[in-house]
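Here's the structure, in structure tokens; my notes come after.
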Amino acid sequence: MSAILKIDDLRVAVDGKPILKGVNLEIRQGEIHALMGPNGCGKSTLAYVIAGHPKYEITGGKIELDGVNVLDLDPCQRARLGIFLAFQYPVTIPGVKVSDFLRHATSNVRNPDRKEGEGLIPMKDFRRELKDKMAEIDIDSEFARRYLNDGFSGGEKKRMEILQLSLLRPRFAILDETDSGLDSDAVRAVSEGLNKLHGPHMGVLIITHHERLLEFNKPSFTHVMLAGKIVETGDASLAHDLHANGYAAVRERHPTEAAEEQAVAVKA
Amino acid sequence: MSLKENMTAAMTTFGRVTGFTRIAFEAFLESRDEPDWIVEARRAAYEKYQDHLAVPLDPEEWKRVETRTFRADQFHVRREPTEEATFGSLMQDRAEFAGMVTHVDGHATRATLDEKYAKQGVLFGDLSTLLVEHREKLEPYFLKRAVQAKRDRFASWHAAFWTGGTVLFVPRGVSIDEPLDSLIGLSTAGAADFSHTLVILEDGASATLLEETSSATADAAGLHVGAVELILGKEARLRYVQLQNWNDKTWHFAHQAGRVESNGMLQWTVGGLGAKLAHIHQDVHLDGRGAEAEVNGVTFATNRQVLSYYTQQWHNAPNTRSDLLYKDVLRDKARVVWRGMIKVAKDAQKTDGYQRNDALLLSDTCRVDAIPGLEIEADDVRCTHGATAGQVDREQVFYCMARGLPEFEAMHMIVQGFLQIVSDRIPVELVRETLNQTVEKKLGIG
């Protein structure tokens, strides 16, 4: 039976200011969902909240994975449960080698009961697997010895996120603008990488402004977010329409949210 | 520091003389049976020590380093080592060494050197023996070139009371391929270590000396008043590592200085992990054209430890290069002080000087004072300095946690990464491993 990631009337604030105002979303393993919307509508907030970033205040609603209340878990427990966020801005950690970091991450996610200091995946096995995975998504194996994201280009960082996705094999992956700021070669590499990884055991939420990632990874559902709410859900053609024509029509169809959006913009 | 030491404080119930009064000094000389020239040098240093005691410590230098609870009269120089002491040596059993010297409570208990190097004229052993046997080779350097006995209270105190220490003398053109090992141990509560490390590399010689300090027990309060002198001839190459790993009841005061002649290369690595309080002067003098020094420092201070480093890079000749990088990790109520200075003499043109100190603060109650400085008299130089201090970046922690690492493991990984940058500069794998291991232990995961 496929698992469900269920977001129910989720309300989130930052510094007392409401950002998400009742988000409803259900993703099943194997499905691809696209989440679109103008800047500032709350897409990245949703991604961070699912992953468990501590700066957000949950003011209402639930996130459940197969009945487990995800909001009760810290980010590390969520990762071990099978939730993965590909960061829009991956963090640099100088002095920590890619291979060491990934070996720790992979050991923890595959053995969720592991305690610190307990066995890691044997070095030899992990090296071999890492090498294969890097080859699959076209990353030079030299990167294994480099420090995590230190001096990496935008495209290299995003590929590193996809590499982690491929090692951690989550049940649910959220890709937060994984295609932004990349040249078309890099977008293709990332799109193909995701396409290879996606399968019946992975539900994917793709947050994007572009169409390219969706060409390779055709969504079953497209959601449009406006002022902290999902206001419309359609199929792949909705994504195509938004990309071609922008959000004006959406705003016309949802004047209340459009007005809220306007009010926030004026205040900012 | 207590200046008043009286007769009652000077005698323990066992009749052993404690403290460093004139009576204690005379008894110390009596026990040594040394040639007149050494005795005279000691007497001169003792008078200097008295002169220094008569005036307060330099308030500018000591205002960040709290010595109010330090009582010199609680410590004594041991007449002989405690033979049965065992030390947690981090390095001794882990590699092949060309020679090993061990000191316990200020006295040598072992000294070995590979025969093939002895045959080439290398000296490696205990200062109190070798200084007498090889006066002609060592006297011209000992407390004359790098560390000056008269410099301050601690230098003259050391010069009056030194008991031993490791000597390495490498003749012209001789290379020692394997590292040499020196272990300085304190085993008895109240024991003072006045060891003196003297390294002399003649022109074109090369060697690696790994030195560590260690306490036999976790709670025996000890005192180290030490000196390190590293003297490199032309084109000599020395790698020197000192891993200070006393227990956290030990006071550590030291003058450590290197001098490098033309095209010589000194690579000096300092690990500051132990001690209740450490205050160290570390000077490198680049005396000849093209001389180079690389200084790597790793410190990790926890609980109420105070680790203080005053570093000076003296560019005394043209085309000299110095590169200093210290990385400090602090936790609990620990404190680290780093006062750095690059001095460039008037004719030291084309100097390339660099100094940097980065501190990572793991608690809200620890504190670092990092004060870089430059004094430049030449007009065609490149000198850069920098200091950073900050807490662990919460975004890094979140990122690690989002990949399944628990918060502690994430913190540990980030701390180790922080130190990795300086570890990468250390060319001896044994030292890198040893440092990693001690850091893990301090983090509580070793």
Side-chain angles (χ1 to χ4, degrees), chain A residues 47-48 50-56 73-87 89-98 100-118 120 145 147-150 157 160-161 163-165 167-168 170 174 176, chain B residues 296-300 325-329 356-360 362 386 388-426 429 432-433 435-437 439-446:
Chain A
Y48 272 128
I50 296 171
H53 195 291
K55 98 171 171 188
Y56 299 96
L73 306 177
D74 73 20
C76 146
Q77 293 166 318
R78 295 182 198 195
R80 292 175 185 212
L81 196 64
I83 293 174
F84 178 91
L85 169 64
F87 283 60
Y89 304 108
V91 172
T92 297
I93 310 182
V96 174
K97 285 198 182 79
V98 165
D100 287 341
F101 179 75
L102 297 183
R103 186 166 164 233
H104 278 81
T106 311
S107 299
N108 282 324
V109 168
R110 290 195 194 160
N111 177 11
D113 298 326
R114 177 183 174 266
K115 305 232 168 13
E116 183 177 9
E118 286 180 4
L120 295 165
R145 285 191 289 278
Y147 294 145
L148 189 65
N149 292 325
D150 196 8
K157 285 182 186 174
M160 202 47 65
E161 295 293 291
L163 175 64
Q164 301 190 35
L165 179 65
L167 282 164
L168 301 181
I174 300 119
D176 188 6
Chain B
N296 306 311
V298 173
T299 73
F300 195 155
L325 175 65
Y326 266 70
K327 292 254 185 188
D328 317 314
V329 179
R356 184 181 176 93
N357 184 292
D358 295 321
L360 187 62
L362 301 183
T388 65
Q391 304 212 329
V392 172
D393 181 350
R394 297 309 304 178
E395 294 302 318
Q396 289 179 342
V397 176
F398 173 64
Y399 188 82
C400 291
M401 289 183 77
R403 297 298 181 253
L405 277 66
E407 187 170 9
F408 269 131
E409 194 169 49
M411 294 282 278
H412 295 161
M413 191 159 252
I414 293 163
V415 169
Q416 286 175 316
F418 173 79
L419 295 176
Q420 187 64 39
I421 307 296
V422 68
S423 183
D424 284 346
R425 293 164 43 123
I426 301 170
E429 189 177 355
R432 287 199 300 269
E433 276 176 16
L435 264 177
N436 284 345
Q437 207 177 36
V439 165
E440 282 184 1
K441 203 168 166 191
K442 275 222 151 183
L443 285 167
I445 53 175

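Values reported hereafter were calculated over all heavy atoms of this structure, with side chains retained and with hydrogens, waters and symmetry mates removed. Letters A, B, ... mirror the listed sequences (proteins, then strands); counts begin at 1.
In this structure, a donor-acceptor pair under 3.5 Å is absent between the side chains of B/Q416 and A/D100.
With a 4.5 Å cut-off on non-hydrogen atoms, A/I93 touches chain B through its backbone and its side chain both. Within the 4.5 angstrom heavy-atom criterion, no atom of B/D393 approaches chain A. Residue contact with chain B, scored on non-hydrogen atoms closer than 4.5 Å, is absent for A/D150. Contact of A/P90 with chain B is made through backbone and side chain together, with heavy-atom distances under 4.5 Å. At a 4.5 Å heavy-atom cutoff, the contact between A/L148 and chain B is made by side-chain atoms alone.
Taking CE of B/M413 as the start and NZ of A/K97 as the end, the distance is 11.0 Å to the nearest 0.5 Å. Between the SG atom of B/C400 and the CG atom of A/N108 there is a distance of 10.5 Å, given to the nearest 0.5 Å. Atom CD of B/E395 sits about 12.5 Å away from atom OH of A/Y89, to the nearest 0.5 Å.
Of all heavy-atom pairs between A/A79 and B/A402, the closest is CB-O, 3.3 Å. Taking all atoms of both residues into account, the shortest heavy-atom contact from A/P54 to B/F398 is CD-CD1, 4.0 Å. The heavy-atom pair separating A/C76 from B/L405 by the smallest distance is CB-O, 3.3 Å. Across all their heavy atoms, B/Q396 and A/T92 have their closest contact at NE2-O, 3.0 Å.
A/H104 is not listed as a side-chain neighbour of B/H412, based on a closest heavy-atom distance of 4.5 Å or more. Side-chain contact between B/M401 and A/R78: absent, with no pair of heavy atoms (C-beta onward) separated by less than 4.5 Å.
No option in A/K115, A/Q77, A/R80 other than A/R80 meets the side-chain contact (heavy atoms from CB on, under 4.5 Å) test with B/P406.
Using a 4.0 Å cut-off between charged side-chain N and carboxylate O, A/E161 and B/R403 make a salt bridge.
The most heavy-atom pairs under 4.5 Å with chain A, out of B/L419, B/I414, B/D424, come from B/D424.
Ring geometry for A/F101 against B/Y399 counts as parallel: the plane angle stays under 30°, on a 0 to 90° scale with 60° as the upper cut.
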